[in-house]
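Residue indices begin at 1 and follow the sequence shown. Scope of the values below: all heavy atoms of this structure, side chains included, with no hydrogens, waters or symmetry mates.
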Amino acid sequence: WSVHVLSWYPGFLPQLREVLVKVVPFLSRPTLPALALPSGQYLFSSNAICRSPALQQALHMAVLQGKSSEVSKVLQGPINVLEQSLSKRNTPYLTGVQYHGLLCIFLCQCMFTCYIPQSGEHKSLKAWFDRVAAMNACQSAAQKVLQGKGLQGMKSYMQRQPAPQSNACTTTNIEEGGERVVSEEEMEAAALTWSKGLNTCPPATKKQHPILPQEDKRNVLVTSALPYVNNVPHLGNIIGCVLSADVFSRYGRLRGWNMLFVCGTDEYGTATENKAREEGLTPQQICDKYHAVHSSIYKWFQIDFDYFGRTTTEKQTEIAQDIFWRLHERDFLIEDTVEQLRCENCQRFLADRFVEGICPHCSYPEARGDQCDKCGRLINAVDLREPQCKVCRQTPVIRSSKHLFLDLPKLESQLEQWLEKSTSTGDWTANAKQITRSWLRDGLKPRCITRDLKWGTPVPHADFKEKVFYVWFDAPIGYLSITANYTSEWEKWWKNPHQVELYNFMAKDNVPFHSVVFPCSLLGAQDNYTLVNHLIATEYLNYEDTKFSKSRGVGVFGDMAKDTGIPSDVWRFYLLYVRPEGQDSAFSWADMALKNNSELLNNLGNFINRAGMFVTKFFEGCVPVMELQEEDKKLLALVSWELQQYIQLMDKIKIRDALKHILNISRHGNQYIQVNEPWKKIKGGDSERQRAGTVTGVSVNIACLLSVMLFPYMPAVSQTIRDQLNAPPSCINTMLEGNGTFVCSLSAGHRIGAVSPLFQKLEADQIEALKKKFGGQQVFDSAAVPAPAAAVEVGTVNQVDPEKAKQLTQAVAEQGEKVRALKAQKAEKAVITAEVAKLLDLKKQLALAEGKNPEPAPQKGKKK
């Protein structure tokens with residue numbers, strides 16, 4: 001745009017004094033390139049305007065995603081600022097300086113491709129847009145750049161640009177002290193939005209079942225990976241699948257989207273047969289028992305499924321067999337004889353998950369028969385070195401059996417075409433893309449879809465009537481059958497790709513089956529199935545310094561969490577705070593206590609409680625009159641910006657990062673209260689009492705906003721806050737409209753309810769007791785535990801130094817973060833090794849300071 005626009009001003013360029021690449025005098029930090037005009041004014045680069053996060057996202061949506069109708073929501077904040085600025089000025093342009101039209105032309109051209117103001121809205125902006133768009137320079141630039149193609153004229157350029165990062169923050173707007181600089185326009189725009197209140201907002205509506213796609217809504221179908229029924233889910237399972245999906249579903253409902261959230265237990269396979277044998281029950285009885293266990297756990301964690309079903313149903317058989325026959329009729333299935341591992345001691349073929357051995361790729365000693373947990377490569381069980389039956393620990397033998405395979409190579413070109421579209425237009429996590437690319441890079445191979453088992457969906461083919469479907473062909477079809485058990489009109493969700501957006505939530509080890517195997521099954525069936533648009537995969541959540549493991553009993557499991565006395569909302573908060581979004585993270589008892597006591601108790605809870613108590617104590621329970629000053633408007637602008645960041649991140653399923661903006665708002669609120677000291681001003685004269693009232697009123701309204709933002713994360717706490725504030729029902733779906741709408745929801749005279757503390761402190765002795773209780777010591781072979789005498793050889797073991805231990809705990813945490821960052825960056829091995837050595841040394845020092853044995857933990861023994 002710049003070149004074409006400036007060509008209309010031939011006398012302009014020679015008069016430029018310089019191109020600034022350092023610091024504009026009135027800014028405290030380096031900023032984007034700008035032009036210095038002879039008048040002394042500064043004109044910032046038009047390309048910098050295009051790099052505005054909001055405008056970049058709007059261009060991406062309009063040009064590449066075809067979502068022009070949603071652009072106005074993304075640009076709502078900037079548009080409000082422009083409307084405010086233009087409505088105050090007497091000049092026809094944004095500035096009144098020489099060459100004043102240039103900035104207008106640049107901005108108009110940037111907006112022209114994705115947003116044109118309509119009559120009746122933003123009158124000043126509409127008049128400005130029409131005036132500038134009529135200028136010859138503007139029309140010529142549009143013609144040269146777009147070449148009469150409209151939005152398509154920008155397509156090739158936009159395809160070369162990186163996808164917009166919704167969490168990008170403009171560092172040039174940060175003061176040296178760390179607080180964001182707020183412009184006068186932002187303050188006025190925030191104050192204007194605040195003044196609108198809740199008057200025109202529709203009341204929140206309750207869900208009405210069955211939920212079906214609607215013509216005038218954004219229809220979002222959310223699934224979370226089906227948990228195996230045969231055991232109790234641990235915290236890693238919960239955060240990786242159901243909890244993440246629940247947070248996004250709750251958020252989507254706040255945004256006004258038409259959401260359906262389904263899940264259920266995956267009940268077929270050898271794991272269930274084995275569990276039944278262990279407990280002396282039938283497979284169906286095991287499924288009934290553990291389905292109830294799962295349901296109870298998820299209910300306690302407040303997972304708000306629209307329907308939580310199971311795979312052992314007639315609908316599962318009907319739909320799976322229909323997809324099978326459609327694949328068979330279209331020649332996407334092939335027969336082959338395969339070698340399998342059979343345990344003669346157990347008298348049966350072994351499912352992949354019940355074989356363990358040395359990985360043929362990376363030599364990991366505990367690789368499963370289907371996949372290696374260390375390198376992530378898929379494995380044929382017969383390729384394992386030194387295989388063992390996980391049930392009896394005997395060495396299995398190889399036997400031949402005839403099976404059916406999904407012909408993935410034949411479907412590869414269709415899959416690649418679909419993946420190119422889905423990954424470019426949808427929100428796929430980086431690990432999901434990487435894992436999928438690695439499968440395609442290695443070339444797809446036929447995938448077996450049958451197994452020699454009894455407990456499973458029967459294969460309807462006469463030649464394979466003694467077999468059942470392999471769990472990873474069968475289980476994802478459970479999403480369809482569970483929906484079919486929820487509503488007879490299930491096809492409106494699952495055979496409606498043009499009207500429905502599908503979000504899949506899972507841990508990274510499930511990615512290939514959701515991004516390759518299952519889509520190939522649906523593509524090959526050729527029945528207009530809805531395929532995944534957004535695939536969200538977490539990394540792994542570890543437990544302290546080791547891994548959660550159902551088979552080894554390591555870590556806190558779902559049914560244990562409720563016995564700790566810690567509320568489910570606190571569990572939800574901490575698991576989401578450490579959600580492994582970009583790399584593996586770890587559950588830590590000490591860190592959980594720290595986050596509860598610092599972030600929940602001292603930050604969030606402290607602010608909300610103080611705000612409510614001031615209303616009760618100083619204003620007889622009624623929200624006082626608020627007269628906004630510049631300081632208040634600045635706070636409103638800061639809070640509005642945090643709200644916008646929260647929405648942008650949540651839209652992109654950056655759940656952990658979005659949570660930090662909630663905590664930022666309460667930090668702003670605490671600072672605001674501390675600076676203004678309403679408890680002192682209430683004792684002063686009329687003006688000081690008025691000031692105390694304004695601070696109290698603004699604070700309690702921020703508390704109301706926080707209750708809404710918290711709802712996806714901590715639903716019970718959110719409801720408690722709204723109950724204490726006696727908040728109007730419409731506030732719950734007002735604040736998250738558009739790009740974020742922070743309005744005054746508790747106006748002067750509003751009477752609040754009884755206020756009480758939201759959180760309790762987790763004491764050190766309580767946490768230490770829990771850590772010991774759930775320490776997972778049972779995973780070690782008792783023979784491998786060193787004799788007690790070994791501990792006394794270290795003279796300082798019993799000399800506890802609490803102060804030094806505190807310092808070393810911080811040092812270990814910092815060094816651990818450094819090591820994880822180096823590994824994530826794939827740094828040189830020598831560098832990582834050196835830093836790991838430092839970390840181990842720090843841990844030994846910490847053990848000594850805590851009065852523990854600093855020697856390395858014993859090696860894990862085999863489970864007997």
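Proximity of a side-chain donor or acceptor of T487 to a complementary backbone N or O of E489 within less than 3.5 Å is detected. Checked by atom type and distance alone, the side chain of E544 pairs as donor or acceptor with a backbone atom of W589 at under 3.5 Å. A donor-acceptor distance shorter than 3.5 angstrom exists from the side chain of N496 to the backbone of K492, with no hydrogens or angles considered. Side chain of R579 to backbone of I239: no donor-acceptor contact under 3.5 angstrom is found.
Within a 6.0 Å radius of NZ in K299, no more than 12 heavy atoms belonging to other residues, nucleotides or ligands are found. Within 6.0 Å of CD on Q208 lie no more than 12 heavy atoms contributed by other residues, nucleotides or ligands. Residue R377 qualifies as open at atom CZ: its count of foreign heavy atoms under 6.0 Å is 12 or below. Atom NZ of K454 sits in a sparse spot, with 12 or fewer heavy atoms from other residues, nucleotides or ligands closer than 6.0 Å.
Here CZ of F349 is found 5.5 Å from CZ of R342. Values are rounded to the nearest 0.5 Å. Going from atom CD of Q302 over to atom CE of M714 covers 9.0 Å, rounded to the nearest 0.5 Å. Taken from CD1 in I297 to CE in M560, the straight-line distance is 9.5 Å, to the nearest 0.5 Å.
Applying the side-chain hydrogen bond (donor to acceptor under 3.5 Å, both in side chains) test to W439 and every residue at least two apart in sequence or in another chain returns nothing. For Y486, the ring pair (Phe, Tyr, Trp, His ring centres under 6.0 Å) criterion is met by H209, Y307, not counting sequence neighbours. Scored by the side-chain hydrogen bond (donor to acceptor under 3.5 Å, both in side chains) test, D266 finds no partners at all (sequence neighbours excluded).
Y574 has its ring centre less than 6.0 Å from the ring centre of F587.
The pair K402-E466 does not count as a salt bridge, with every side-chain nitrogen at least 4.0 angstrom from each carboxylate oxygen.
Side-chain contact check for T265 and E267: at least one donor-acceptor pair (N or O, by modelled atom type) lies under 3.5 Å.
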- Using the side chain to side chain contact (heavy atoms under 4.5 Å, CB included) rule, take I319 and W490 through it: C-alpha gap first, then chi angles, then the decisive distance, then the call. CA-CA 11 Å; I319 297 172; W490 66 275; 3.9 Å; yes
